[in-house]
Amino acid sequence: MWQLAVLIGLLVAASACALSLGTPYVPLHRLPGALLDADATLAGVVVTELRVPRLVLALVAGASLGAAGLVLQEALRNPLAVPEMLGVSSGAALGVAAPLVLAVSIPAAVQPLLAIGGAALGGALTLLAAGLGRSPSAVLLTGAAVAAALQAALLVLMVMADQLDLQLIYRYLLGSLSARTWDDVTGLWPWLLVAMPALVLCAPVLSVLRLGDEDAEALGVRAQRARFAALAIAIVLIAPVTAVCGPVAWVGFLAPHLARRLNPAVDAVRWLPWSAAWGAVVVAVADLPARLALAPVETPAGAWTALFGVPVGVALLRSGKRRPTARRRPAAGPEAPTSSGADERGSGPEVVSTEMGESR
C-alpha cells in the first residue's frame, strides 16, 4: 500500500506540474476551468490541445516501455536485457528515419508499420545470430553487436541527410515528446489493444522461463518458442512508441528494476503491472525537465531518462546483489555450520551471475 501511495503521489504531482507549468502558466485552481473552456481561452487551448495529449502520450509510452523491458528481462533471464541492447529500438528508429532521409513520402499511419518492421528485423537478426535464442547470455551479447551495427547504419543516414533533416533525425533519435497531439496518441491504441491480451497470456510463461530452459521444458513450455513470442510482444509494445516519440532510452531498464526492488517476494505476473506503472511515472517525470529546464528551448525526454535511469538502475541492481551477503555471519570455529546455501557457494565480487533470481 505504501508503494501504491508513493506511485499515485508521484503521478499526481507530475501531472499537475505538466499541465500548469510552462508558457502560459496556468495556476492549479484554474486548471478545471481551462479543461472545460477548451476553445474559449488561450490557456484552455494550450492545456487541452498540447499539454494533455503530451502527458497522456508520456504515460502510455512509459507503460509500454516498462512492460516490454520486464518481458525481455524475464524471457532472457538477464537484468541487462533491454530494448537498447537487443537491436529492437535501433531497428525501429532505422525503419522510421530511412524514409525521411531518402525523401520518401510516407503517411503517418504507415510509420508504426515501418517501426515494427525495423524492430522485427533487429530482433530477428539478434536471435538468428545467437543460435535461435537457445542461450540467453548469447542473445544479449549478440544483441549488443546487432544494435551497434544498426546504429552505424543510422550514422550513415545522418551523413547523407541535409541540415534540416539532420536536426529532425537527431531530435528523434534522442526520444522527444515535443509537439505531439491527440492524433499521435490515438495512433497507439490499436497496437496496445493487440499487445495487452498477449501480455496477460505471456506473464505466467515468463515465470516458468525464469526456472531455466531445462526446467521449463520439463513443465511443458518450449523455451525457444516462448522466447520468440516474448520478443514479438516486446516489439509490438516498443515499435509504435518509437515511431511516435523516438527511442526513449533506458526506461525498459529502470522500470523493471524498480518493480523488483520494491516487490522482491512476487513473480513476473505481479511485477508486470508495477513495471508498467513505474515506466509511466519515469517518462512523465523526465518530460518535466525536458520541457522546462532550458525553456524556451526544449530538450529531448530520452536524454533525461538515460541521464538518470542508467545510474539509478545500476544502483538498484547492485544493491539487490549485495542484500544476501549482508546477512552473512563469520563462523565461530571449524565446526560451525554455514548459515545458508548461498554462503556455501561463496560471495563477493568474484561471483557474478547474469541470471536473475540467483542473488536471492
Side-chain angles (χ1 to χ4, degrees), residues 1-19 52-75 79 81-84 175 177 185 188-189 191-204 206-207 210 230 233-234 236-238 240-242 244-245 248-290 301-302 304-306 308-310 312-313 315-317 319-320 356:
M1 295 302 296
W2 69 267
Q3 182 184 182
L4 182 61
V6 171
L7 193 65
I8 293 176
L10 289 174
L11 184 59
V12 170
S15 300
C17 293
L19 296 180
V52 172
R54 180 167 179 161
L55 174 63
V56 173
L57 183 61
L59 296 176
V60 173
S64 300
L65 294 174
L70 182 72
V71 169
L72 292 175
Q73 292 177 15
E74 293 295 313
V82 292
E84 291 78 14
L177 300 174
V185 177
L188 294 178
W189 291 115
W191 306 104
L192 294 180
L193 292 178
V194 173
M196 288 178 63
L199 276 175
V200 175
L201 296 175
C202 178
L206 295 177
S207 300
R210 295 183 76 245
I233 295 172
V236 175
L237 289 170
I238 296 167
V241 172
T242 305
V244 174
C245 308
V248 184
W250 299 102
V251 178
F253 174 68
L254 176 59
H257 285 296
L258 285 172
R260 292 192 195 94
R261 186 68 173 82
L262 299 175
N263 298 275
V266 297
D267 56 3
V269 177
R270 296 284 298 277
W271 281 331
L272 189 59
W274 285 110
S275 182
W278 280 113
V281 170
V282 167
V283 178
V285 171
D287 192 46
L288 294 177
W304 294 93
T305 57
F308 294 103
V310 173
V312 173
L316 291 172
L317 184 61
S319 65
M356 293 184 307

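Because the structure is predicted, anything quoted here is derived from the model rather than measured. If you read the sequence from its start, that first residue is 1, and numbering goes on from there.
For the side chain to side chain contact (heavy atoms under 4.5 Å, CB included) test, residues two or more places apart in sequence or in another chain that qualify with Ala67 are Leu199, Leu237, Leu272, Ala276. Listed by chain and residue number, nothing satisfies the ring-ring contact (aromatic ring centres under 6.0 Å, His included) test with Trp274 (two or more places apart in sequence, or in another chain). Residues satisfying the side-chain hydrogen bond (donor to acceptor under 3.5 Å, both in side chains) test with Trp304, not counting sequence neighbours, are Thr299.
Here the side chains of Val82 and Leu72 are not in contact, with every heavy-atom distance at 4.5 Å or above. For the pair Val282/Leu65, no side-chain contact is recorded, criterion being any heavy-atom separation below 4.5 Å from C-beta on.
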Taking it one step at a time, do Thr305 and Leu254 satisfy side-chain contact (heavy atoms from CB on, under 4.5 Å)?
CA-CA 9 Å; Thr305 57; Leu254 176 59; over 6 Å; no

Begin with the C-alpha distance, continue with both residues' side-chain angles, and end with the deciding distance and a verdict on side-chain contact (heavy atoms from CB on, under 4.5 Å) for Leu262 and Trp2.
CA-CA 10 Å; Leu262 299 175; Trp2 69 267; 3.7 Å; yes

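For Leu55 against Ala18, the heavy-atom pair with the smallest separation is CD1-CB, 4.2 Å. Nearest approach of Ala280 to Leu59, heavy atoms of both residues: CB-O, 3.4 Å. Here the shortest heavy-atom pairing between Ala255 and Gly66 reads CB-CA, 3.9 Å. Heavy atoms only, all atoms of each residue included: Pro256 and Val251 are closest at CD-O, 4.0 Å. Minimum heavy-atom separation, Leu206 to Ala230: CD2-CB, 4.4 Å. Nearest heavy-atom pair across Leu70 and Ser275 is CB-OG, 3.8 Å.
Under the 3.5 Å distance criterion, the side-chain polar atoms of Gln3 are left unmatched by any main-chain donor or acceptor of Ala259. The main-chain N or O of Arg210 is never found under 3.5 Å from a side-chain atom of Glu74 such that the two would form a donor-acceptor pair. Side-chain N or O atoms of His257 include none that pairs as donor or acceptor with a backbone N or O of Val312 at under 3.5 Å.
The side chain to side chain donor-acceptor pair (under 3.5 Å) analysis of residues 194-204, with sequence neighbours excluded, yields no pairs. Within the structure, the side chain to side chain donor-acceptor pair (under 3.5 Å) test picks out the following pairs touching residues 52-62 (sequence neighbours left out): Arg54-Asp287, Arg54-Glu298.
Here CG of Leu193 is found 11.0 Å from CG of Leu188. Values are rounded to the nearest 0.5 Å. Remark: Gln73 CD to Trp271 CH2 distance equals 10.0 Å, nearest 0.5 Å.
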For a quick test of your reading: what N or O donor-acceptor pairs under 3.5 Å do the side chains of residues 5-17 make, sequence neighbours left out?
{"residue": "Ser15", "atom": "OG", "partner": "Leu11", "partner atom": "O", "Å": "2.7"}

